[in-house]
Amino acid sequence: MKMAGHSILYEGNTSKTRSLLTLLIGLLIGFCIAELISYMTISEDINPKNIVASTASPKQQLTNDVGIPNLGVIEHEHPFDNTSLSDQLKREVRVLCWVMTNPSNHKKKARHVKRTWGKRCNILLFMSSAADEELPTVKLDVEEGRPNLWRKVKEAFKYVYKHHYNDADWFYKADDDTYAVIENLRYMLYPYSPETPVHFGFKFKTFVKQGYMSGGAGYVLSKEALRRFVVDGIPDPKMCLPGTVINEDIEIGKCMENLNVTAGDSRDVNGRGRMFPFVPEQMLIPNKDPNFWYWNYQYYKTDDGLDCCSDNAISFHYVAPNFMYVLDYLIYHLKPFGVERSQQLPAKLKVGELMSPPKEEPANSNEDSVDDYDRLYTPAVTMNSNEPDSREVSSNESGRKFANGEKN
Ligand SMILES: *[C@@H]1O[C@H](CO)[C@@H](O)[C@H](O)[C@H]1NC(C)=O
Ligand SMILES: *[C@@H]1O[C@H](CO)[C@@H](O)[C@H](O)[C@H]1NC(C)=O
Ligand SMILES: *[C@@H]1O[C@H](CO)[C@@H](O)[C@H](O)[C@H]1NC(C)=O
């Protein structure tokens, strides 16, 4: 594309530029052949050209799986880490994760979920309409395509209830472009009883009175919420919408409300969010346009800069496969030498009990520095560049004024 742009600069001049043009065309053809060859080679191979390609813009990365190293290279252990607390939580707060994917994303996205954050779930399932031995997938009897998302969510949770109800305490639904820190999910859930009818995610305040959870940040149902959904909800058209629509997250939100499943508060004690509908950069440095849909949809007011996000954040959305490896490295490997943070588990709550809401003003917040930042910084990348999934915006075909991102 860049080449085509350059060739315009030289167009229709001297013969010197004509030979330049010929050279550029030659380069373009060479480039295309190289692309074709790299497409035909097995994408798992490490190829220096592809590593260069991985520095391309996030938009390019989303559609590009080449250049991601194979599993042997991206994994190494830290045998001397003291993981006794996270091991304890893995036993006591069992999380089943299921990832919504589709046949065209098995290799492009889902496999990278499995190699990064997905492997930390107690149970990891990929829900698709086609079988895949590598992942593997649960082959649901649902047609693909965005209009079938709600049906797919219902079928997926039915499968999970039927086959794994007793294998986990919490049931987390994510997309294949979600990145989640499962240790922090367990830490947030630790005080709660799985018998409490509650679910957590990034809460939007529109369409559902108690709020509904962003599909992209993922939402986690307690064991009791799962039971109500599958046993009392799905079969009863007064509780949950029969058939299918695009906006699975709004529909499950309505359904949870009808079933008296509380829309939980996933913020930490300082009022900082833990589950997010965007990538970290866009939470830290948000789009300040007051007309940006997000400001009217978020349930809790969020802050900029480091006050945006909990030190125990759980999930982000629109994460390109390459960036999953970057996050894995930054979160699980890179550590500043000599710094350790003391950590303590909170007390347990009774069945039906919820954490009290955080203080409105985040502790340690430095509003002055945030204001300085506001004056100095003009965002180069705005959140508008990621239009919301329609399912995060409206269940209403006629009212989908923001819903132009028909990507999946
Ligand atoms: C590991 O951490 C736990 C608390 O998190 C502590 O009780 C234990 O002594 C530590 N083990 C070692 C070998 O440092
Ligand atoms: C939900 O709670 C309301 C008020 O307590 C009650 O009337 C209703 O029957 C409950 N619905 C379900 C499905 O539990
Ligand atoms: C759906 O759209 C109609 C017409 O634009 C509007 O009156 C209604 O409130 C919308 N419903 C929802 C759930 O957005």
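Numbering of ligands and ligand atoms starts at 1, following listing order. Keep in mind that this is a model prediction, so the values were computed, not measured.
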_For the residue pair Lys114 and Phe126, would you count it as a cation-pi contact if the rule is NZ or CZ under 6.0 angstrom from the ring centre and within 45 degrees of the ring axis?_
no
_Ring-plane angle category for His333 and His78, please: parallel below 30°, perpendicular beyond 60°, tilted otherwise._
tilted
*asked:* Once you measure the plane-to-plane angle for Phe316 and Phe276, does it fall in the parallel (<30°), tilted (30-60°) or perpendicular (>60°) bin?
replied: parallel
*Phe229 vs Trp150 aromatic rings, parallel, tilted or perpendicular, using cut-offs 30° and 60°?*
tilted
*Looking at Asn258, which atoms of ligand 2 are within less than 4.0 Å of one of its heavy atoms?*
13 (C)
*With backbone taken as N, CA, C and O and side chain as the heavy atoms from C-beta onward, which portion of Asp232 lies under 4.0 Å from ligand 2: side chain, backbone, both, or neither?*
neither
*asked:* If the condition is disulfide (SG to SG under 2.5 Å), which residues does Cys308 pass it with, not counting sequence neighbours?
replied: none
Which atom pairs, nitrogen or oxygen on both sides, join ligand 1 and the protein at under 3.5 angstrom?
residue	atom	partner	partner atom	Å
ligand 1	2 (O)	Asn82	OD1	3.3
ligand 1	2 (O)	Asn82	ND2	2.3
ligand 1	2 (O)	Ser84	OG	3.3
ligand 1	11 (N)	Asn82	ND2	2.9
ligand 1	14 (O)	Asn82	ND2	3.4

*Side chains of Asn287 and Gln282: closer than 4.5 Å at any heavy-atom pair?*
no
_Element-labelled atoms of ligand 2 that are located less than 4.0 Å from some non-hydrogen atom of Asn260_ = 1 (C), 2 (O), 3 (C), 8 (C), 10 (C), 11 (N), 12 (C), 14 (O)
*asked:* Under 6.0 Å from the ring centre and within 45 degrees of the ring axis: does the NZ or CZ of Lys254 meet both conditions for the six-membered ring of Tyr212?
replied: no
